[in-house]
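Reckoned from all heavy atoms, side chains included, excluding hydrogens, waters and symmetry mates.
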Amino acid sequence: PSWYRAAMAGVIDQKGQLDASIRYLEEELKKELSPSVKDITEERLRLLRHEVRAERIQRQKEDLEKQTEEILWDIGRLAVDVADPWGEGWIISADGKVRAIEMERREAKKTRNEERHSLK
């Protein structure tokens, strides 16, 4: 079934094989998919790419912090050579994590929703 493709990539990802998941989804996107399955597959691929790229930039940030013995808040001080999957750029979040701007927006929305829920 069509939903199996996206689910399978998630299973592969859970086993820590991000590169394999990415390759799998890239191959799936070469096939003829329904618009809804294609949208889900593309989003899952963006999320996986974000995870890989953000980890790489995070390591670079941590290495620079060790060298300079200071906490880095300016993403411009890093030699970021990969685009974020949504094409908006990277930031260093208030929690010190490197994220795509789109993922930071999603985190903020999630936090707001959790706060609203806890106030009920």
Side-chain angles (χ1 to χ4, degrees):
S2 58
W3 55 266
Y4 181 78
R5 292 177 181 105
M8 187 61 194
V11 169
I12 294 170
D13 178 33
Q14 288 175 0
K15 294 180 181 175
Q17 300 175 13
L18 288 173
D19 292 337
S21 294
I22 289 170
R23 283 191 305 277
Y24 177 80
L25 291 176
E26 289 170 341
E27 289 301 314
E28 288 302 306
L29 285 171
K30 292 177 185 176
K31 299 175 182 176
E32 196 168 315
L33 303 172
S34 71
S36 61
V37 172
K38 183 178 180 185
D39 290 347
I40 291 168
T41 305
E42 287 173 340
E43 180 61 11
R44 182 70 181 142
L45 183 57
R46 281 189 292 270
L47 291 169
L48 292 175
R49 285 178 173 159
H50 176 268
E51 189 172 338
V52 169
R53 294 172 186 177
E55 284 177 12
R56 188 166 123 196
I57 299 166
Q58 184 71 35
R59 282 192 304 272
Q60 182 185 4
K61 174 187 177 282
E62 291 167 1
D63 289 347
L64 184 59
E65 287 175 336
K66 286 178 187 171
Q67 290 173 8
T68 62
E69 297 182 355
E70 62 182 69
I71 297 172
L72 181 67
W73 294 107
D74 179 11
I75 195 81
R77 291 186 54 199
L78 298 174
V80 178
D81 60 353
V82 291
D84 85 277
W86 293 271
E88 296 181 24
W90 297 96
I91 63 166
I92 299 173
S93 185
D95 63 2
K97 300 293 182 194
V98 173
R99 290 190 183 95
I101 292 170
E102 172 62 20
M103 289 304 291
E104 182 64 12
R105 222 181 342 262
R106 292 178 188 192
E107 285 292 319
K109 184 178 179 180
K110 179 181 169 187
T111 300
R112 278 193 310 273
N113 288 340
E114 288 170 354
E115 289 171 354
R116 286 180 189 144
H117 183 71
S118 67
L119 294 173
K120 289 183 179 182

### Task
Walk me through it: do Asp95 and Glu107 pass the test side chain to side chain contact (heavy atoms under 4.5 Å, CB included)?
CA-CA 11 Å; Asp95 63 2; Glu107 285 292 319; over 6 Å; no
### Summary
Taken to the nearest 0.5 Å, the spacing of Glu32 CD from Lys38 NZ works out to 10.0 Å
### Task
Kindly indicate whether the side chain of Leu45, heavy atoms from C-beta on, has any atom under 4.5 Å from the side chain of Ile22.
yes
#### Entry: Short N-O contact, Arg105 and Glu88, less than 4.0 angstrom
yes
### Task
Using the rule that two of Ile, Leu, Val, Met, Phe, Trp, Tyr join whenever any of their side-chain heavy atoms come within less than 4.5 Å, decide whether Trp73 and Val80 are in one cluster.
yes
### Task
For Trp90 and Ile75, work out which heavy atoms get closest and say how close.
O-CG2, 3.6 Å
### Message
According to a hydrophobic-cluster definition based on side-chain heavy atoms being under 4.5 Å apart (Ile, Leu, Val, Met, Phe, Trp, Tyr only), do Trp86 and Leu29 belong together?
### Response
no
### Summary
Output for pair (Arg116 CZ, Glu114 CD), nearest 0.5 Å, gives 12.0 Å
### Message
Taking Arg59 first and then Glu62, would you say they form a salt bridge - that is, a charged N and a carboxylate O separated by under 4.0 Å?
### Response
no
### Short N-O contact, Lys61 and Glu65, less than 4.0 angstrom
yes
### Task
Check whether any side-chain heavy atom of Asn113 sits under 4.5 Å from a side-chain heavy atom of Lys109, and report yes or no.
yes
### Task
Would you indicate whether the side-chain heavy atoms of Arg56 and Val52 approach each other to under 4.5 Å?
no
### Pairwise distance CG(Leu78) to CG(Leu72) - rounded to 0.5 angstrom
5.0 Å
### Glu115 and Arg112 ion-paired at < 4.0 Å
no
### Task
Could you tell me whether Arg23 and Glu26 have a side-chain N and a carboxylate O separated by less than 4.0 Å?
no
#### Entry: Close side-chain approach of Ile101 and Glu104, heavy atoms under 4.5 Å
no
### Query
Salt bridge between Glu28 and Arg44, side-chain N to carboxylate O under 4.0 Å?
no
## Note on the structure
Between the CG atom in Asp81 and the CD1 atom in Ile57, the distance rounded to the nearest 0.5 Å is 7.5 Å
#### Entry: Separation between CZ of Arg99 and CG of Asp84, rounded to the nearest 0.5 Å
13.5 Å
### Single-linkage hydrophobic cluster Leu25~Leu33, side-chain heavy atoms < 4.5 angstrom
yes
### Interatomic spacing from CE in Met103 to CZ in Arg106 - rounded to 0.5 Å
6.0 Å
### Task
Of all the heavy-atom pairs spanning Gln60 and Ala79, show the shortest one and how long it is.
NE2-N, 2.9 Å
### Task
Take Asp39 and Glu43 through the side chain to side chain contact (heavy atoms under 4.5 Å, CB included) test and state the conclusion after the steps.
CA-CA 6 Å; Asp39 290 347; Glu43 180 61 11; over 6 Å; no
